[in-house]
**Student:** 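The structure's right below; bear with me while I get my questions together.
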Amino acid sequence: MQSNYHPASIEKQAQQHWNDSGAFTASETSDKPKYYCLSMFPYPSGKLHMGHVRNYTIGDVLSRYHRMKGYNVMQPMGWDAFGLPAENAAQAHNVPPAAWTYDNINYMRRQLQSLGLGIDWSREVTTCTPEYYRWEQWLFTRLFEKGIIYKKTSSVNWDPEDQTVLANEQVIDGRGWRSGALVEKRDIPMYFFRITQYADELLQDLDTLSGWPEQVKTMQANWIGKSFGVRFAFEYSTEGGTESLSPASGRELGERAVADTLSSSPSPACGGGKKEKLWVYTTRADTIMGVTFVAIAAEHPLATLAAANNPALAAFIEDCKHGGTAEADMATMEKKGMDTGLKVTHPITCEQVPVWVGNYVLMGYGDGAVMAVPAHDERDFGFAKKYDLPIKVVIRSEERGARSEHPLDPQSSILNPESAFVDYGVCINSGKYDGLDYDQAVDAIAADLTAKDLGEKKVQFRLRDWGISRQRYWGCPIPIIHCATCGDVPVPDDQLPVVLPEDVVPDGTGSPLAKMPQFYETTCPKCGAAARRETDTMDTFVESSWYYARYTSPDCTTGLVDERAKHWLPVDQYIGGIEHAILHLLYARFFQKLMRDVGVFGEGATQNLDEPFKNLITQGMVIAPTFYRIEANGKKLWINPAEVDVKNDERGRPVGATLRADGLPVIIGGTEKMSKSKNNGVDPQAIIDEYGADTARLFMMFAAPPEQSLEWSDAGVEGSFRFLKRVWKATHDHVEQGVVAAYRKGELSSAAKAMRLQLHQTIQKVNDDIGRRKTFNTAIAANMELLNALGKYNDPTPSGRAVVQETLEAIALMLNPIVPHTCQALWSALRPGSDMLDQCFPDADQSALVQDEIELMIQINGKLRGSLTVAKDATRENIEQAALAHEAVVKQLAGATPTKIIVVPNRLINIVA
RNA sequence: GCCGGGGUGAUGGAACUGGUAGACGUGCCGGACUCAAAAUCCGGUGCCUGAAAGGGCGUGGGGGUUCGAUUCCCCCCCCCGGCACCA
């Protein structure tokens, strides 16, 4: 064994050995229980970043731990290879996205391999290859035929200068990121996945995911947003103009045709005559008597109607079309509105209520119109204040006589309301509903609306259908052919895949495929006439929604997956960034259900295949300090931490920083997510080259638990490297002393017994930390403590050395999932001729854990005053007596009699005086 | 704006079910080794007070429940993630 720790040669040798032995090739024929461990696959952006290293190290630690626990482990890897960055890079470097992407993949694969991950590379999938996306297209055609995929128009960000559709990310302060032109909303036809049809199942099945973090389930449940409310209509008479409300202007309404949103029917409700209906949805029907206006979206057909003879309104509606489509922008922008001049009839009071257009009303949610109750809704309140609309209070706080702190509550003595009273309470100023609580009022009002045929209780979801059409080149072609006579025809199986040409360099204007007759000119599969192929591609979220299934059958040419899917699915452990908590994870869950229902997994194979991911870890970000200088033009010049020296004061506090190149000061910024824009990224490759992959892995696992953000620290990396050197040296020094024989029971000194007690306590803790808690940082800390204790334990006798051997072997085994190269070598030294790949993870020796005495803390009035060592089986009386006789207790009590003594077994005694 | 998460020494973090706050690492201080430095090893290190023993304070801020609160409840501040076309 070499006396010094040389990671470069150790790691090369270990990786060679793992490759040669095919150690990580997963087989379906093993008789061990399966463990499918999946990390979110990377986008091939160029090179690995620290977030990847963290993600894949967590996956590898769990894979190797379970392998050592007797599982048949499958850990695959692949590439989420379609996407926008490839098109941007293509434009910047004049190289086709395909070539750029494949180059990146080849470079990043080598980087991943140098991390020593136990990956089955024979299962690698790349989403931009026809072998992969062929099955995505196949599934698309099946879903299209089932009606799960449908077409409707939807709003996109339109850059009028570049004549192209922009992603939300490409819209900055309402302008196109390249052109700087004001972005407009534009309605175009798109294909949608009917995810709302699965809303209830997606919500309910969250309860079955006991291995998911609560926060992720909460976020998904809120995203799906099931609400119980009332959908009802305000009526109004039309004096001409309804004929302009053709169904076509009801685009965006999705399932409900405009005829339903603005339906005509004779109504007996408030006066006779032919009436139109303006539908709204509310979860607060109990406040219906407080409605003082109705707000509709700018795109609402009624707004279009009202604007026909109203140029000011038309201009306002036009103005609402500027700005991006992102919900965060919509929700944070200034609330603006304009009176349409139209009045509608309140369905209960029959009063006339004004209709306003509000820029905050979303056309894509519900009916695109809302009832406004300024007294009891914050947004309506602000709007009413701004435009001086009436505020009618119809709810007071529930407890009679209780003094509310809200000025809008009649029971309050406070005046000048500055916010709405949004709590639930009891109806007032509401005629026959006075005195009813929320549930009673909603029941009564819904019943009255139903009787008038003007509404009913309704369950509504916040979740919207998933639009997947993208007017981009570098994506999976949508397998549809447009025929003048046959309509939208799905591409037949024998014509799949629709291959994306790979030699295209997009120019940033419009969609390249739409300019390529050789791509879009085709014939209709049904009638044979000349037809046009769809030139939109799919949202790249589609590829990442089913890749986990393809890993089970990566080479299958007869279907999306074959029978191997049933062996491996569901994924036992999924690991990825918290930023995917909603969209990706919801889409993947949706796809699992789609594939199940299409029969991808075979007939009668639905058991256990409702959900794709049994256990989930959402890892935090990798963050690092930032440094910058203010340039002459006032802009910040960000400087990489690697080029900066930080000065600390005598207590270690940073007091300043200088640029190494010129020795002049730089400004210390905040600690933020590693990014190109802040130039605070640390290249994993540099760390691997300098310290080895194991040091990088160890630091990543030690610096923070997986779910928290992880702060990069060069000194911390040094510390991890130091620890590996200490383990190496301890093993080396021991092995150099020669072979040891096993000790016999009963011959151990008390120091040796204490050493073994700590060893087996550590083994127990590490099993719990890795297996149950997934807190690798505390597992590593426990091993550090153990090594520190071993350094102090110095027993050169044969039995003493046997305990050292036992401890060093256990340390190598326990650290193996985290630093596998080093432990592979340590094991060879400790057990010549034996292979770490064949070893099991250690279990604690229960007999070593037996203790005769325990230490109890003594508190007086909850304050720590001393401690007491008692026999393990001491009675409560014995403990109390011993505590009362304790020197510190006698002194503190000063003769007083305790009123109460609390004894918490194995922990403490609290004497209350 | 809405949804979710976080805030503990100089610093990354630990304290798992309400029971010893600060494990382990980093930094810093002191010592050993060295001509010297680096590396390595040993000791110390929450703050205030005290010669010491000890005492007081202390988990973003304010309040509450409890014998006992970093942990549970209410209000507030700040930071981060997501918001449907970044992945």
Side-chain angles (χ1 to χ4, degrees), chain A residues 40 42-43 45 80 83-85 156-157 165-171 213-216 218-219 221-223 225 324-333 335 360 364 378-379 463-472 539-541 544 577-584 586-587 618 620-621 623 648-654 670 672-673 699 702-705 707-720 722-723 725-726 729 768-769 772-773 775 777-778 780-785 788 791 855-859 861-864 867 899-902 904 907-908 910-913:
Chain A
M40 289 183 186
Y43 177 79
S45 55
D80 187 14
L84 204 47
V156 294
N157 304 306
V165 176
L166 298 179
N168 284 338
E169 187 192 51
Q170 299 171 313
V171 178
E214 281 306 318
Q215 76 198 68
V216 175
T218 304
M219 279 191 269
N222 290 339
W223 184 262
T325 57
E327 191 184 309
D329 297 337
M330 303 284 283
T332 49
M333 72 189 171
K335 312 273 174 292
Y360 64 93
E378 215 54 78
R379 238 172 13 181
L463 183 69
R464 307 199 293 260
D465 276 341
W466 174 17
I468 52 128
S469 293
R470 299 288 179 270
Q471 300 68 45
R472 302 191 201 296
D539 181 0
T540 56
F541 267 123
S544 56
I578 181 68
E579 67 271 21
H580 297 292
I582 296 177
L583 291 180
H584 162 64
L586 188 67
Y587 292 151
T618 49
M621 298 171 304
I623 59 180
N648 298 316
D649 66 10
E650 74 282 354
R651 293 178 68 170
R653 275 180 287 235
E672 301 188 46
K673 179 178 177 169
F699 171 71
F702 179 59
E707 314 239 331
Q708 284 183 35
S709 61
L710 182 152
E711 186 172 328
W712 186 262
S713 149
D714 291 331
V717 175
E718 285 279 355
S720 293
R722 258 199 297 268
F723 174 64
K725 284 195 287 189
R726 287 199 353 248
K729 185 172 188 304
D768 191 46
D769 283 352
R772 178 181 66 91
R773 299 175 66 207
T775 53
N777 55 330
T778 52
I780 293 164
N783 273 289
M784 288 174 167
E785 286 183 78
N788 291 343
E855 192 185 20
L856 295 176
M857 294 299 125
I858 301 177
Q859 290 184 344
N861 294 326
K863 277 195 182 294
L864 187 68
S867 69
T899 53
K900 198 172 174 184
I901 300 177
I902 291 150
V904 182
R907 291 222 181 251
L908 57 74
N910 188 12
I911 298 164
V912 185

**Student:** Between N157(A) (side chain) and L166(A) (backbone), is there a donor-acceptor pair under 3.5 Å?
**Tutor:** yes
**Student:** Short question: side chain of Q708(A), backbone of P705(A) - any donor-acceptor pair under 3.5 Å?
**Tutor:** no
**Student:** How long is the line joining CG of D768(A) and P of A15(B), in whole Å?
**Tutor:** 11 Å
**Student:** Are R726(A) and A39(B) close enough that a side-chain N or O sits under 4.0 Å from OP1 or OP2?
**Tutor:** no
**Student:** When the P atoms of U71(B) and A15(B) are compared, how many Å lie between them, rounded to an integer?
**Tutor:** 15 Å
**Student:** With T778(A) as reference, evaluate D769(A), D768(A), N783(A) under the side-chain hydrogen bond (donor to acceptor under 3.5 Å, both in side chains) test and give the passing residue.
**Tutor:** D769(A)
**Student:** Should Q708(A) be listed as having a side-chain N or O under 4.0 Å from OP1 or OP2 of C79(B)?
**Tutor:** no
**Student:** For nucleotides U11(B) and A23(B), find the distance between their C1' atoms and express it as a whole number of Å.
**Tutor:** 16 Å
**Student:** Rounded to whole angstrom, note down the P distance from A69(B) over to C33(B).
**Tutor:** 49 Å
**Student:** Determine the contact category for R379(A): base if any of its heavy atoms lies under 4.0 Å from a base atom, sugar-phosphate if only primed atoms, P, OP1 or OP2 are that close, otherwise nothing.
**Tutor:** nothing
**Student:** Expressed in whole Å, how much space separates the C1' atoms belonging to G60(B) and U8(B)?
**Tutor:** 10 Å
**Student:** What is the distance, rounded to the nearest whole Å, between atom CG of L710(A) and atom P of U11(B)?
**Tutor:** 17 Å
**Student:** Across nucleotides 80-87 of chain B, 5' to 3', mark each nucleotide with B, S or - according to how protein heavy atoms within less than 4.0 Å reach it.
**Tutor:** SBSBBBSB
**Student:** What N/O pairs connect the protein and nucleotides 21-24 of chain B at under 3.5 Å? Give each pair on its own line.
**Tutor:**
| unit_1 | atom_1 | unit_2 | atom_2 | d |
| --- | --- | --- | --- | --- |
| A23(B) | O2' | E785(A) | OE1 | 3.1 |
| A23(B) | O2' | E785(A) | OE2 | 3.1 |

**Student:** Any heavy-atom pair between the side chains of W712(A) and F699(A) that's under 4.5 Å?
**Tutor:** yes
**Student:** Can you name the closest pair of heavy atoms from G862(A) and Q859(A) and give their distance?
**Tutor:** CA-OE1, 3.5 Å
**Student:** Expressed as a whole number of Å, how far does the P atom of G6(B) sit from that of U17(B)?
**Tutor:** 13 Å
**Student:** Measuring to OP1 and OP2 of A15(B), would you say a side-chain N or O of R773(A) lies under 4.0 angstrom away?
**Tutor:** yes
**Student:** I want to verify a distance call: between G12(B), G13(B), G1(B), whose nearest atom is closest to the T332(A) side chain?
**Tutor:** G1(B)
**Student:** OP1 or OP2 of G68(B) less than 4.0 angstrom from a side-chain nitrogen or oxygen of R907(A), does that happen here?
**Tutor:** no
**Student:** Is there a side-chain contact between I578(A) and E707(A) in this structure, where contact means two heavy atoms from C-beta onward sitting under 4.5 Å apart?
**Tutor:** no
**Student:** Write down the distance separating the C1' atoms in C72(B) and G46(B), rounded off to the nearest Å.
**Tutor:** 26 Å
**Student:** Provide, to the nearest angstrom, the distance between the NZ atom belonging to K725(A) and the P atom belonging to A38(B).
**Tutor:** 14 Å
**Student:** In chain order, what residues pass the side chain to side chain contact (heavy atoms under 4.5 Å, CB included) check against K900(A), with sequence neighbours excluded?
**Tutor:** I902(A), V912(A)
**Student:** Expressed as a whole number of angstroms, how long is the span from E711(A):CD to U11(B):C1'?
**Tutor:** 8 Å
**Student:** Just wondering, do V216(A) and I582(A) contact through their side chains at under 4.5 Å, heavy atoms?
**Tutor:** no
**Student:** Please state how far atom NZ in K900(A) lies from atom P in G19(B), giving the value in whole angstrom units.
**Tutor:** 17 Å
**Student:** Taking ring pair (Phe, Tyr, Trp, His ring centres under 6.0 Å) as the test, write out the residues that go with W223(A), two or more places apart.
**Tutor:** none
**Student:** How close or far is atom C1' of A15(B) from atom CE of M857(A), stated in whole angstroms?
**Tutor:** 14 Å
**Student:** If I compare all heavy atoms of E855(A) with all of S867(A), which pair ends up nearest, and what's the gap?
**Tutor:** OE2-OG, 3.1 Å
**Student:** For the side chain of A715(A), starting at C-beta, report the closest nucleotide among G19(B), U26(B), C3(B).
**Tutor:** U26(B)
**Student:** Taking atom C1' of G27(B) as reference, at what distance in whole Å does atom CZ of R722(A) sit?
**Tutor:** 10 Å
**Student:** Enumerate the protein-to-nucleotides 53-58 of chain B contacts in which both atoms are nitrogen or oxygen and the separation is below 3.5 Å.
**Tutor:**
| unit_1 | atom_1 | unit_2 | atom_2 | d |
| --- | --- | --- | --- | --- |
| G55(B) | OP1 | R865(A) | NH1 | 3.0 |
| C57(B) | OP2 | K863(A) | NZ | 3.4 |

**Student:** Quick one: are M40(A) and H584(A) in side-chain contact, heavy atoms under 4.5 Å?
**Tutor:** yes
**Student:** If I take atom CZ in residue F699(A) and atom C1' in nucleotide G13(B), what distance separates them, rounded to the nearest angstrom?
**Tutor:** 11 Å
**Student:** Would you find a donor on one side and an acceptor on the other, under 3.5 Å apart, between the side chain of D539(A) and the backbone of S469(A)?
**Tutor:** no
**Student:** What interatomic distance, in whole Å, is found between C1' of U59(B) and the corresponding atom of C83(B)?
**Tutor:** 32 Å
**Student:** Quick one: closest heavy-atom pair of A704(A) and S709(A), and the distance?
**Tutor:** CB-O, 3.8 Å
**Student:** With syn defined as a glycosidic torsion within 90 degrees of 0 and anti otherwise, which applies to G31(B)?
**Tutor:** anti
**Student:** Is the NZ atom of K335(A) crowded by more than 12 outside heavy atoms at less than 6.0 Å?
**Tutor:** yes
**Student:** More 5' along RNA chain B: K335(A) or T775(A), using each one's nearest nucleotide?
**Tutor:** K335(A)
**Student:** With no hydrogens and no angle check, just 3.5 Å: does a side-chain donor-acceptor pair link T325(A) and N168(A)?
**Tutor:** yes
**Student:** Could you give the distance separating G56(B) and G7(B) at their C1' atoms, to the nearest angstrom?
**Tutor:** 26 Å
**Student:** Looking at U20(B), G13(B), G27(B), which one has an atom nearest to any side-chain atom of A704(A)?
**Tutor:** G13(B)
**Student:** In the structure I gave you, are the side-chain heavy atoms of I623(A) and L710(A) within less than 4.5 Å of one another anywhere?
**Tutor:** no
**Student:** Please tell me if N861(A) has a side-chain N or O lying less than 4.0 Å from either OP1 or OP2 of G68(B).
**Tutor:** no
**Student:** Dot-bracket for RNA chain B: what is it, with Watson-Crick or G-U pairs under 3.5 Å, [ ] where a pair crosses earlier ones, and | for a pair to another strand?
**Tutor:** (((((((..(((......[....)))((((((.......))))))((((....))))..(((((..]....))))))))))))....
